[in-house]
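All remarks here apply to the structure that follows.
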Amino acid sequence: MTGVPVSRSPAPAPPVAQSAIRKVAVRLVPFVALMFFINYLDRTAIGFASPNGMNDDLALSAAQFGFASGVFFVGYILLEVPSNLALHKFGARKWLARIMISWGIVALLFTWVQNFEQLVALRFLLGVAEAGFFPGAILFLSMWVPAAHRGRILMLFYLAQPLTTVIGAPLAGALIQQHGVFFGLEGWRFMFMGVAIPAIVVGVIAWFYLKDKPADAKWLTPEEQAWLTNALEAEKTETEAAQGHASIRNAFGSGRVWALSFVYFGFIYGLYALAFFLPTIIDGFQAAAGTEFDVFEKGLITAIPYLPAAIAMYFWSRDASKRGLKTWHIALPALLGAVSIPLALYAGSPVATIAVITVTACAIFAALPNFWTLPTRFLTGAAAAAGVALINTIGNLAGFSAPYVTGAVHDWTGGYEVPMMIVGAFMLLSSVLMVALARRGNTAPAPAESKEAVGR
């Protein structure tokens with residue numbers, strides 16, 4: 001297994017390149033980020049509905065709710081790679097629009113769910129419908145900009161995830177409070193409707209708004225189209241010349257792809273454990289203060305760590321773009337997250353606890369956009385589609401396992417100390433693997449890497 005290529009500081013871009021990248025950042029990234037925002041909100045809406053009437057109305061036990069939440073990942077994981085290969089075959093514009101309309105229709109059906117069995121079926125179908133969206137969006141944006149500019153573009157896209165909590169949690173709370181306003185619907189049902197309809201509308205718009213490649217974009221000048229097309233084609237040719245023709249089999253057999261999958265697993269394990277842990281912290285605040293927060297206030301408190309995380313993501317990715325991506329742009333945040341998340345248990349006060357959790361959120365989100373620039377540095381075509389999907393699939397195994405393991409170990413030990421130590425261990429593994437990949441690249445570079453320094 002050879003190391004992952006990490007870039008030198010980029011050379012100054014010519015004016016035509018600057019204008020082309022700027023237009024992509026303005027015309028494509030906000031729209032795809034909006035799609036991601038709606039995607040993440042629809043996926044996590046069940047978490048807002050659960051304590052605000054859904055569990056009582058559907059007579060759900062804690063175990064039933066946990067199963068319904070997790071079954072989403074079964075359908076998602078099964079179809080992640082096939083969906084991304086279909087995107088490569090049929091084109092990103094059509095496939096991303098299809099995914100979004102499909103999940104919007106399924107999400108809308110949650111408005112009328114009546115029992116546990118229907119809830120499980122819809123959660124499974126939601127995973128099937130959403131499968132391939134995130135890696136497809138990553139692949140789509142990667143097909144528009146050369147590697148030297150990819151970190152900045154993916155950072156702008158990834159801002160949607162922390163902002164989903166900053167904006168989405170209070171928004172979901174506000175919708176839930178509209179109990180009985182719309183044809184007598186319970187607040188949690190109205191919330192499902194309110195977050196589903198935008199997915200359908202934006203999916204229809206995406207069919208007409210998105211373009212598959214720079215040559216199709218009329219908002220680019222002919223010079224900008226030519227520069228982007230030539231730069232991307234030259235990059236693809238160089239990669240294929242160095243690595244050989246990359247097939248789907250190559251992607252699945254690549255040690256680098258599997259190593260990056262486990263790096264990503266650690267980050268996502270930390271992210272989902274954080275999301276699982278924060279509501280218990282808020283409940284502790286209520287008990288300590290002798291007060292009760294309404295659903296909107298809980299949404300605001302939940303959002304606190306994620307606004308600094310979005311800011312940290314922006315500046316950390318900006319630094320990586322200026323210096324050229326280095327190993328420590330990914331490994332250092334993983335190490336910081338590994339240390340900080342167990343410390344949240346020993347902070348001693350609500351303010352200190354939120355501060356430590358904020359550090360963890362900043363660490364995770366600072367690393368993720370930089371991480372996603374790596375697979376497409378050594379994979380192209382169908383191999384890139386399969387490799388990106390495989391990495392995301394392994395990460396979503398963490399999304400399924402983190403809440404379950406955290407809860408199970410808590411029940412076994414009677415506290416959160418051991419579960420949070422496990423979270424820290426997985427994030428530490430991400431940091432160690434990232435450093436190991438870079439060192440392997442330094443000591444035994446592959447042909448493609450002989451032209452690129454593996455940063456430290």
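Treat the numbers as computed from the prediction; the structure is a model and nothing was measured.
- Using a 4.5 Å heavy-atom threshold, the side chains of Met54 and Phe110 count as separate.
- Of the possible polar contacts, one joining the Thr111 side chain to the Leu108 backbone as a donor-acceptor pair under 3.5 Å is found.
- Looking at Ser83, its side chain does come within 3.5 Å of a backbone N or O of Ala131 through a donor-acceptor pair.
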* For Phe315 and Ile311, what are the C-alpha separation, side-chain angles and deciding distance, and is it a side-chain contact (heavy atoms from CB on, under 4.5 Å)? -> CA-CA 6 Å; Phe315 284 105; Ile311 296 170; 3.7 Å; yes
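- In this structure, NZ on Lys211 lies 6.5 Å from CZ on Arg93, to the nearest 0.5 angstrom.
- Side chains of Arg152 and His149 form no contact here, defined as non-hydrogen atoms less than 4.5 Å apart.
- Looking at Ile46 and Phe72, their side chains never come closer than 4.5 Å, going by heavy atoms from C-beta outward.
- In this structure, the side chains of Phe267 and Ile330 come closer than 4.5 Å at one or more pairs of heavy atoms.
- The line from CG of Asp212 to CH2 of Trp144 is 8.5 Å long, rounded to the nearest 0.5 Å.
- Among residues two or more places apart in sequence or in another chain, the ring pair (Phe, Tyr, Trp, His ring centres under 6.0 Å) test is passed with Phe73 by Tyr272.
- With a 4.5 Å cut-off on side-chain heavy atoms, Val26 and Pro30 do not count as touching.
- Trp95 places no side-chain N or O within donor-acceptor distance of the main-chain N or O of His88, the cut-off being under 3.5 Å.
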* Take Tyr264 and Trp372, measure what ring pair (Phe, Tyr, Trp, His ring centres under 6.0 Å) needs, and give me the verdict at the end. => CA-CA 9 Å; Tyr264 189 57; Trp372 277 114; 4.9 Å; yes
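- At a threshold of 4.5 Å between non-hydrogen side-chain atoms, the residues Ile21 and Pro146 count as touching.
- With rounding to the nearest 0.5 Å, the separation of OG1 in Thr373 from CG in Leu154 is 7.0 Å.
- By the 4.0 Å N-to-carboxylate-O rule, Lys322 lies too far from Asp319 to be salt-bridged with it.
- Of the possible polar contacts, one joining the Thr360 side chain to the Val356 backbone as a donor-acceptor pair under 3.5 Å is found.
- How far CH2 of Trp258 is from CZ of Phe265: 12.0 Å, rounded to the nearest 0.5 Å.
- Between the Glu130 side chain and the Tyr76 main chain, no donor and acceptor come within less than 3.5 Å of each other.
- Between Leu96 atom CG and Phe133 atom CZ the span is 6.0 Å, to the nearest 0.5 Å.
- Contact of the Asn392 side chain with the Ile138 side chain is not registered, since no non-hydrogen atoms from C-beta on lie closer than 4.5 Å.
- Residue Glu80 holds its CD atom at 9.5 Å from CG of Leu390, rounded to the nearest 0.5 Å.
- The backbone N or O of Gly136 lies less than 3.5 Å from a partner atom in the side chain of Asn84, making a donor-acceptor pair.
- Residues satisfying the side-chain contact (heavy atoms from CB on, under 4.5 Å) test with Val359, not counting sequence neighbours, are Leu336, Ser340.
- Between Trp112 and Gln118 the shortest side-chain heavy-atom distance does not fall below 4.5 Å.
- Checked options Tyr158, Trp103, Phe140, Tyr40; the residue passing with Phe134 is Tyr158 (criterion: ring-ring contact (aromatic ring centres under 6.0 Å, His included)).
- Arg98 forms no cation-pi arrangement with Phe90, by the criterion of a distance under 6.0 Å to the ring centre and an angle within 45° of the ring axis.
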